[in-house]
Each structure stands twice: as structure tokens, then as C-alpha cells.
Enquirer: 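Handing you a structure now.
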Amino acid sequence: MRIFIVCILAWFIAQLIKVIINTVKYYNAKRKGIEKRKVTIHTLFKLGGMPSSHTATVIALCGCVGLHSGFDSDVFAACGVFAFIVMFDAFMVRLPVSRLTDAFNRLQAKVCGVDATDVKKVEGHTIPEIIGGFIVGACVALFMVKVVGIYEITL
């Protein structure tokens, strides 16, 4: 249960960072007179963007397992494979699909007109976004295990 809490915390912090980044971008664009979508509570649950909350979550999982069970344990190896699959999917599958969806929606709008319904976009991540998520997840895991001492707390 402790590791689950750390993973949720890593996800939440990554999402909170996204809200902060999007808020700064919004006010910078507004100051320059550029129209940009306003940041709402829905931004907290938005996929894609900097940092990757998926990566932060699985890296927090890996970090907690590694710090608790050892980085040479079978459980850490399984978590590492899971984390690799999540990050690989975000970059090598969802990002190209996201870009193809954008192109398809633009093409569909030209061919079918404005009344065409857009295909829902699945957000992927760039390498910097994945690295950002990696850093957030590792920091949260390290902080919770070494500073807070989640394994010394009795639930």
C-alpha cells in the first residue's frame, strides 16, 4: 500500500507541474496578445505534456521497489521492464499516433469541411517530457523512502 501511495503522489506532482507550466504559458501568451486556452481543473487530468505523469508513476514504483527490495531483486527487474514498456509506448507509439491524428484531422477538415468531427487525439510524449517524468518519479521515490521513511511508518 505504501508504494501505491508514493506512485499516486508522483502522478499528482507531475500533473501539478503540468498545471503550473500551462498557467505560465497561458499568461505569457495573454501578455503577448496570443489567444490560448485557459487553464482549468481539467488540465490536472490532461494527458501529454511536460512532465510525463505516466513515467513519473512507473519510475516512482521502480525507485521504491529498488530502494526497499534491492536493485538486484526480481521484483525490481519486473518493475523495470514495466517502466520501459510504458516509456517506450509513450514515445514510440502514442507520439507518432498523436501526430498522425493531427494530420488526419487537418486533412479531414479540408476534404469534408468544418462540420467534420475530429478524431480523438491520443497524446504521446517527447524525450524531454519523459526525462522530466523520470526526474519527478525518482525524486518522489527517493524523498519518500529516504527522507519521510515510508517503510518505518506503520499503517
Side-chain angles (χ1 to χ4, degrees), residues 2-29 32 34-111 116-147 150:
R2 293 176 178 101
I3 292 176
F4 180 73
I5 293 168
V6 174
C7 291
I8 295 299
L9 183 63
W11 173 86
F12 181 75
I13 289 171
Q15 290 298 106
L16 200 58
I17 292 170
K18 281 183 198 180
V19 169
I20 292 166
I21 289 171
N22 285 331
T23 302
V24 169
K25 284 181 179 179
Y26 171 77
Y27 284 112
N28 281 340
K32 294 176 183 176
I34 302 169
E35 188 68 33
K36 195 153 174 84
R37 190 181 324 187
K38 192 169 184 169
V39 178
T40 64
I41 191 70
H42 298 291
T43 309
L44 189 60
F45 301 101
K46 185 176 173 253
L47 299 176
M50 172 65 119
S52 166
S53 55
H54 289 87
T55 301
T57 304
V58 295
I59 293 302
L61 172 68
C62 278
C64 283
V65 169
L67 290 167
H68 182 66
S69 301
F71 290 99
D72 60 344
S73 68
D74 292 340
V75 177
F76 176 74
C79 289
V81 169
F82 176 63
F84 175 77
I85 290 169
V86 168
M87 292 182 289
F88 182 85
D89 175 71
F91 179 67
M92 296 298 289
V93 177
R94 290 186 312 153
L95 183 62
V97 168
S98 172
R99 291 178 177 161
L100 282 171
T101 305
D102 282 341
F104 177 80
N105 286 336
R106 283 192 307 273
L107 181 64
Q108 182 182 12
K110 282 183 181 178
V111 172
T117 306
D118 282 352
V119 173
K120 185 177 179 199
K121 185 176 175 181
V122 177
E123 294 286 340
H125 288 288
T126 61
I127 293 292
E129 292 168 347
I130 291 172
I131 292 170
F134 190 98
I135 292 168
V136 169
C139 289
V140 169
L142 199 59
F143 179 79
M144 292 300 289
V145 172
K146 294 296 184 182
V147 177
I150 60 165

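We use all heavy atoms of the structure for the numbers below, so side chains are in, but hydrogens, waters and symmetry mates are not.
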Enquirer: Can you tell me how far apart CD1 (Ile3) and CE (Met144) are? Round to the nearest 0.5 Å.
Expert: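 Rounded to the nearest 0.5 Å, the CD1-CE separation comes out at 11.5 Å.
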
Enquirer: Which pairs would a plain distance check flag for residues 47-62, meaning a side-chain donor or acceptor within less than 3.5 Å of a matching protein atom at least two apart in sequence or in another chain?
Expert:
residue	atom	partner	partner atom	Å
Ser52	OG	Thr55	N	3.1
Ser52	OG	Thr55	OG1	2.9
Ser52	OG	His125	NE2	3.4
Ser53	OG	Gln15	OE1	2.9
Thr57	OG1	Ser53	O	2.7

Enquirer: List the residues meeting side chain to side chain contact (heavy atoms under 4.5 Å, CB included) with Thr126, not counting sequence neighbours, and say none if there are none.
Expert: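 Thr126 satisfies side chain to side chain contact (heavy atoms under 4.5 Å, CB included) with Leu95, Arg99, Pro128, Glu129 once adjacent residues are dropped.
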
Enquirer: Any chance you could measure Ile20, atom CD1, to Lys25, atom NZ, to the nearest 0.5 Å?
Expert: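 Here the interatomic distance stands at 13.5 Å.
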
Enquirer: With sequence neighbours left out, write down each residue that passes side chain to side chain contact (heavy atoms under 4.5 Å, CB included) with Ile135, or none if nothing qualifies.
Expert: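 Counting only residues at least two positions away or on another chain, Ile135 forms a side chain to side chain contact (heavy atoms under 4.5 Å, CB included) with Ile131, Cys139.
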
Enquirer: Please enumerate all residues that pass side-chain hydrogen bond (donor to acceptor under 3.5 Å, both in side chains) together with Asn105, with sequence neighbours excluded.
Expert: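 Here no residue qualifies.
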
Enquirer: Which atom pair, heavy atoms only, marks the closest approach of Met87 to Ile130?
Expert: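 That would be O-CD1, 3.7 Å.
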
Enquirer: Among residues two or more places apart or on two chains, list those pairs meeting salt bridge (charged side-chain N to carboxylate O under 4.0 Å, His left out) that have a residue in residues 80-93.
Expert: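 As it turns out, the salt bridge (charged side-chain N to carboxylate O under 4.0 Å, His left out) pairs with a partner in residues 80-93, which skip direct neighbours, are Asp89-Arg94.
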
Enquirer: Pairs under 3.5 angstrom only: tabulate donor-acceptor contacts from the side chains of residues 63-84 to other protein residues two or more places apart or in another chain.
Expert:
residue	atom	partner	partner atom	Å
Ser73	OG	Gly70	O	2.9
Ser73	OG	Phe76	N	3.2

Enquirer: When rounded to the nearest 0.5 angstrom, what distance separates CH2 in Trp11 from CD1 in Ile8?
Expert: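 Reported value, rounded in 0.5 Å steps: 7.5 Å.
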
